[in-house]
**Student:** 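Below you will find the structure I want to go over with you.
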Amino acid sequence: MPATPTLGGVLAAVITAQTAALVDLERGVREDAPDAVHQYRVTLRRLRSVLAAFRTDLEPVAAAAALDLPALTTRLRDTARAFGLARDAEVNGELVAERLAGDADAAGRGAVVEAGRILAETAAEDYQQHRVAAIALLDGYGPGSLTAVLTALATAAGEAPLTHAATGSGARDDVDAAFARTIDAQAAHVLRLARKAKRATPADAATALHEVRKKAKRLRYTIEELTAHEVAVPPGRQDVVDAAHRIQKHLGTHHDSVGLAAFIRAAVEARPATGRRAVSTAVAFAAGELAGAERAVQQTALRKYHRARRALRDALA
């Protein structure tokens, strides 16, 4: 990268690095290496975050290179969702183990131990099912087709005189202005979604908060990707960055807890009433207690989220 990077050069570097990571991680995904599905999903999200944040800057570059940017972003979204299902199942298994490990009396209660075994088994089955389906989706695209388009986009961004339309500036001013604009716009979007979530009905609250989390995570990933390529957080934005990061963290805890409780209930309900895979009343009750205990986790996460939301509001004021 040149001493004074352009916006196009920075975006090209980000896309190139994450595309290379996808290639390396795909092997791990196919071999079911530890944490490979998680890291593959994160890499897809990082790419999607940067492409979304600088969509208006990249669209003319992609069009000039005869690249279909909307089709690429749709494929990245669908692939991320497919691997997300596998990762969610993996998280459920990890959280069940974590919750039981934190219960000092669990080992002495046979029903709790059996509930944990059933839930771990179900999570592992779900994980493998979704991992195989996600790989099939990749195979359906054709070998290397996704990475080939990403590589072509990186090349086009790096070669084009990509200048942010709102400023008309170039080189370092171009990068800094575009970065500041992106942080401000995405942080404001997070707050708008937070206000919307505050008005949501109890039935819709978890979904609305998940949207807040996703946008906060998009902001976090965009910031991390650019700062990894020698672009500093613009002056006056560090408080915004910190608050958005905390929002994403606490809502992530909330989302995982909501998902875990739903998984536990669904796993027990899916068991037959009779036969080898049936669960006893005691085991079903123990599982219900595990699910119910997640309410306290969610309430704590929401209290921390509300503090972070207020901090973001104040940082943008």
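What you see below is based on every heavy atom in this structure, not just the backbone, and it leaves out hydrogens, waters and symmetry mates. Sequential numbering from 1 along the given sequence is applied to the chain's residues.
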**Student:** Among the clusters formed by ILVMFWY side chains lying less than 4.5 Å apart, do Val42 and Ile223 turn up in the same one?
**Tutor:** no
**Student:** Does the side chain of Glu59 come within less than 4.5 Å of Arg55's, by heavy atoms?
**Tutor:** yes
**Student:** To the nearest 0.5 angstrom, please state how far the CZ atom of Arg48 sits from the CG atom of Leu51.
**Tutor:** 9.5 Å
**Student:** Tell me whether the rings of His210 and His255 are parallel (<30°), tilted (30 to 60°) or perpendicular (>60°).
**Tutor:** parallel
**Student:** Answer yes if Val96 and Val297 sit in the same cluster of Ile, Leu, Val, Met, Phe, Trp and Tyr residues linked by side chain heavy atoms under 4.5 Å apart, and no otherwise.
**Tutor:** no
**Student:** Between Arg265 and Glu269, does at least one N-O distance fall below 4.0 Å, as a salt bridge requires?
**Tutor:** no
**Student:** Look only at the side chain of Arg246 and the backbone of Ala244, and say whether a donor-acceptor pair between them is shorter than 3.5 Å.
**Tutor:** no
**Student:** Write down the atom of Leu119, the atom of Phe263, and the distance for their closest heavy-atom approach.
**Tutor:** O-CZ, 3.4 Å
**Student:** Using the salt bridge (charged side-chain N to carboxylate O under 4.0 Å, His left out) rule, take Arg131 and Glu90 through it: C-alpha gap first, then chi angles, then the decisive distance, then the call.
**Tutor:** CA-CA 10 Å; Arg131 184 182 70 88; Glu90 191 174 39; over 6 Å; no
**Student:** Under the side chain to side chain contact (heavy atoms under 4.5 Å, CB included) rule, what do Leu150 and Leu22 come out as? Steps first, then yes or no, please.
**Tutor:** CA-CA 11 Å; Leu150 285 165; Leu22 282 181; 4.0 Å; yes
**Student:** State, with a plain yes or no, whether a side-chain heavy atom of Arg30 is found less than 4.5 Å away from one of Leu138.
**Tutor:** yes
**Student:** With side chains defined as the heavy atoms from C-beta onward, is the minimum distance between Glu225 and Ile15 less than 4.5 Å?
**Tutor:** no
**Student:** Side chains of Tyr127 and Asp32 only: does a donor on one sit below 3.5 Å from an acceptor on the other?
**Tutor:** yes
**Student:** Please report the C-alpha distance between Ser257 and Arg295 in whole Å, then the side-chain angles of each, then the deciding distance to 0.1 Å, and finally whether the side chain to side chain contact (heavy atoms under 4.5 Å, CB included) criterion is met.
**Tutor:** CA-CA 8 Å; Ser257 178; Arg295 183 61 183 165; over 6 Å; no
**Student:** Where do Asp176 and Pro234 come nearest, in terms of heavy atoms and distance?
**Tutor:** O-CG, 4.2 Å
**Student:** Could you list the donor-acceptor pairs under 3.5 angstrom formed by side chains in residues 272-281, with sequence neighbours left out?
**Tutor:**
| residue | atom | partner | partner atom | Å |
| --- | --- | --- | --- | --- |
| Ser280 | OG | Val283 | N | 3.1 |

**Student:** So which pairs with a foot in residues 201-221 pass salt bridge (Lys or Arg N to Asp or Glu O under 4.0 Å), sequence neighbours left out?
**Tutor:** Glu211-Lys214, Glu211-Lys215, Arg220-Glu224
**Student:** Provide the closest heavy-atom pair for Ala157 versus Val61 in the form atom of the first, atom of the second, distance.
**Tutor:** N-CG1, 3.7 Å
**Student:** Which pair of heavy atoms, one from Thr6 and one from Val175, lies closest together, and at what distance?
**Tutor:** C-CG2, 3.3 Å
**Student:** Mind listing the closest non-hydrogen atom pair of Ala111 and Ala282 along with its distance?
**Tutor:** CB-O, 3.6 Å
**Student:** Evaluate Arg27 against Glu31 for salt bridge (charged side-chain N to carboxylate O under 4.0 Å, His left out), listing each step before the verdict.
**Tutor:** CA-CA 6 Å; Arg27 289 192 289 270; Glu31 296 168 2; over 6 Å; no
**Student:** Can you list every pair that meets side-chain hydrogen bond (donor to acceptor under 3.5 Å, both in side chains) and has a residue in residues 61-70, with sequence neighbours left out?
**Tutor:** none
**Student:** More than 12 non-hydrogen atoms from neighbouring residues, nucleotides or ligands closer than 6.0 Å to CZ on Phe285, yes or no?
**Tutor:** no
**Student:** Of all the heavy-atom pairs spanning Leu312 and Ala187, show the shortest one and how long it is.
**Tutor:** CD2-O, 4.0 Å
**Student:** Return the OG1 to CD distance between Thr147 and Gln18, rounded to the nearest 0.5 Å.
**Tutor:** 13.5 Å
**Student:** Can you find a pair of side-chain heavy atoms, one from Thr227 and one from Phe179, that are under 4.5 Å apart?
**Tutor:** yes
**Student:** Do Leu85 and Val29 belong to the same hydrophobic cluster, where Ile, Leu, Val, Met, Phe, Trp and Tyr are linked whenever their side-chain heavy atoms lie under 4.5 Å apart, directly or via other members?
**Tutor:** no
**Student:** Test of understanding: clusters of I, L, V, M, F, W, Y form through side-chain heavy atoms closer than 4.5 Å, transitively. Do Leu290 and Val258 belong to the same one?
**Tutor:** no
**Student:** So, taking the atom named CG in Asp256 and the one named CD in Glu294, what distance separates them when rounded to the nearest 0.5 Å?
**Tutor:** 9.5 Å
**Student:** Which value, rounded to the nearest 0.5 Å, describes the distance between Thr79 atom OG1 and Leu137 atom CG?
**Tutor:** 4.5 Å
**Student:** In terms of side-chain heavy atoms, does His245 have a donor or acceptor partner in Asp242 at a distance below 3.5 Å?
**Tutor:** no
**Student:** Do Lys198 and Arg195 touch side chain to side chain, with heavy atoms closer than 4.5 Å?
**Tutor:** no
**Student:** Looking only at side-chain N and O atoms, does Arg303 offer a donor or acceptor that is under 3.5 Å from a partner on Thr300?
**Tutor:** yes
**Student:** Test side chain to side chain contact (heavy atoms under 4.5 Å, CB included) on Arg46 and Val14 and set out the steps.
**Tutor:** CA-CA 9 Å; Arg46 288 181 179 276; Val14 170; over 6 Å; no
**Student:** Rounded at 0.5 Å granularity, tell me how far CG in Leu76 sits from OG1 in Thr43.
**Tutor:** 11.5 Å
**Student:** I'd like to know whether His254 forms a side chain to side chain contact (heavy atoms under 4.5 Å, CB included) with Tyr305, so could you lay out the CA-CA distance, the side-chain angles of the two residues, the decisive distance to 0.1 Å, and finally the verdict.
**Tutor:** CA-CA 9 Å; His254 179 268; Tyr305 153 69; over 6 Å; no
**Student:** Roughly how far apart are Arg237 CZ and Leu219 CG, rounded to 0.5 Å?
**Tutor:** 11.5 Å
**Student:** Could you tell me whether Arg41 and Asp88 make a salt bridge, using a distance below 4.0 angstrom between a side-chain N and a carboxylate O?
**Tutor:** yes
**Student:** Would a single hydrophobic cluster contain both Leu67 and Leu146, if residues Ile, Leu, Val, Met, Phe, Trp and Tyr are joined by side-chain heavy-atom contacts under 4.5 Å?
**Tutor:** yes
**Student:** Between Leu191, Leu209, Val190, which is the residue that forms a side-chain contact (heavy atoms from CB on, under 4.5 Å) with Ile247?
**Tutor:** Val190
**Student:** Any side-chain heavy-atom pair from Asp126 and Asn92 closer than 4.5 angstrom?
**Tutor:** no
**Student:** Salt bridge or not between Arg271 and Glu114? Use side-chain N to carboxylate O under 4.0 Å.
**Tutor:** no
**Student:** Is Leu226 close to Tyr221 at the side-chain level, that is, under 4.5 Å between some pair of heavy atoms?
**Tutor:** no
**Student:** Would Arg181 and Asp57 satisfy salt bridge (charged side-chain N to carboxylate O under 4.0 Å, His left out), going step by step from the backbone distance to the final call?
**Tutor:** CA-CA 12 Å; Arg181 165 186 62 87; Asp57 304 290; 2.8 Å; yes
